[in-house]
Amino acid sequence: MFDRFFKDRKKDKGKKYDNLPLHIAVIPDGNGRWAKKRKLPRTAGHRAGSNTLKTVVKYLSGIGVRFFTIYAFSTENWTRPKEEVASLMNLLLEYLRNAERELEGSNIRIRVIGNRERLSTELQNEILRVEKMTFANTGLNLVFAINYGGRDEIAEAAAKMARDVKRGKLRLNDIDEKVFESYLYTNDIPDPDLVIRTSGEIRSSNFLLWQTAYSEFAFPEVLWPDFTVKYMEQALEEYKSRVRRFGGI
Ligand code: IPE
Ligand code: IPE
Ligand code: MG
């Protein structure tokens, strides 16, 4: 299914960015600690983090990475104070609203994974608008995970499959990994090759549980607002040297 992307990649042979991951996913952690260190409100950390995101997106789009997923808001992040949730949602709204101007000429396609029902109508509409507007773009796929939880996604997929079996749209005996995957939010997105979590925390926090079965992980000791292109280059360099065995020898 994703052969065409790899075909594109072959043309890069011999260049500096040889052996790039097809899909990079990031857990951008440490905004709050960044702000605390500066005696600023946590929201200032989130704003700084949003700027980091812009820089990273520009860089990855420029070097020809095809998929970039950013964990913007987890299903567990609703437990944060109301004001902080509101500020995170506002930053997302702002990012999407300015996307056209910011990403002008970059050919980036924006999409969103996660459960949208709990998002404000305003944000839901903005998501639909941007997805539609960038649908035909063939450059970097910029995927925002918003109100996303790996367990929620898997449970939802199971429920949808059960519904289809009940309706006679799906046969019980036909269910396998491929069919299961087609019920996930990421059904037309390849699994991440590289997952980067900043800030020194070494856990997945419910991010792409199914999809990261064979991903490589990197945990740079830097808070997300301080994550510069240099750190991304380091992670890519490290990725190059990893031997992926996928259970083989
Ligand atoms: C991650 O930074 C931002 C999101 C949840 C979107 P945090 O807000 O978790 O920052 P720390 O972990 O408190 O430093
Ligand atoms: C993971 O970071 C979620 C996002 C970055 C959106 P958290 O800061 O919420 O994760 P925990 O609570 O430290 O596991
Ligand atoms: Mg955190």
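We count ligands from 1, going down the list as the structure has it; atoms in each ligand are counted the same way.
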Closest to atom 7 (P) of ligand 2 among protein heavy atoms sits Arg80 NH2, 3.7 Å
Would Ile202 and Phe217 satisfy side-chain contact (heavy atoms from CB on, under 4.5 Å), going step by step from the backbone distance to the final call?
CA-CA 9 Å; Ile202 305 183; Phe217 288 84; over 6 Å; no
Side chain, backbone, both or neither: which part of Arg42 has a heavy atom under 4.0 Å from ligand 1?
side chain
Can a protein heavy atom be found under 4.0 Å away from atom 12 (O) of ligand 2?
no
Using a distance-only test with no angle check, is there a side-chain donor-acceptor pair under 3.5 angstrom linking Asn137 and Thr134?
no
Rounded at 0.5 Å granularity, tell me how far CD1 in Ile24 sits from CD1 in Ile196.
5.5 Å
With no hydrogens and no angle check, do the side chains of Asn206 and Glu76 hold a donor and an acceptor under 3.5 Å apart?
yes
Taking a cutoff of less than 4.0 Å between a non-hydrogen atom of the residue and any ligand atom, is Arg203 in contact with ligand 2?
yes
Quick one: which of Ser205, Ala35, Ser74, Pro28 has a heavy atom closest to atom 1 (C) of ligand 1?
Pro28
Report the nearest protein non-hydrogen atom to atom 10 (O) of ligand 1: residue, atom name, distance rounded to 0.1 Å.
Gly32 N, 2.9 Å
Residue pair Phe144, Leu53: steps toward the side-chain contact (heavy atoms from CB on, under 4.5 Å) verdict:
CA-CA 11 Å; Phe144 283 91; Leu53 176 64; 3.8 Å; yes
Flag for Glu153-Trp210: side-chain donor and acceptor within less than 3.5 Å:
no
List the closest protein heavy-atom neighbour of atom 6 (C) of ligand 2: residue, atom name, distance to the nearest 0.1 Å.
Tyr71 O, 3.2 Å
Among Leu142, Ile189, Val130, find the one that has a side chain to side chain contact (heavy atoms under 4.5 Å, CB included) with Arg111.
Ile189
Looking only at protein heavy atoms, which one is nearest to atom 3 (C) of ligand 1, and what is the separation?
Asn31 ND2, 3.5 Å
Where is the nearest protein heavy atom to atom 9 (O) of ligand 2: which residue, which atom, and how far?
Asn77 ND2, 2.9 Å
Any heavy atom of Arg33 closer to ligand 2 than 4.0 angstrom?
no
Is it true that Asn107 and Thr138 share a donor-acceptor pair across their side chains at a distance under 3.5 Å?
yes
Determine, using heavy atoms of Arg197 and all atoms of ligand 2, whether some pair is separated by less than 4.0 Å.
yes
Working for side-chain contact (heavy atoms from CB on, under 4.5 Å), residues Arg197 and Val26:
CA-CA 6 Å; Arg197 181 173 189 150; Val26 165; over 6 Å; no
Could you tell me whether Phe73 approaches ligand 2 through its side chain, its backbone, both or neither, with non-hydrogen atoms closer than 4.0 Å?
backbone
Relative to the Mg ion (ligand 3), which of the N, O or S atoms in Asp29 is the closest?
OD1
Answer yes or no for His46: is there a heavy-atom contact with ligand 1 below 4.0 Å?
yes
So, are Glu94 and Arg97 salt-bridged, with charged N and O less than 4.0 Å apart?
no
How does Ala72 reach ligand 2, by side chain, by backbone, by both or by neither, if only non-hydrogen atoms under 4.0 Å count?
backbone
For ligand 1, is there an atom lying under 4.0 Å from some heavy atom of Ser199?
no
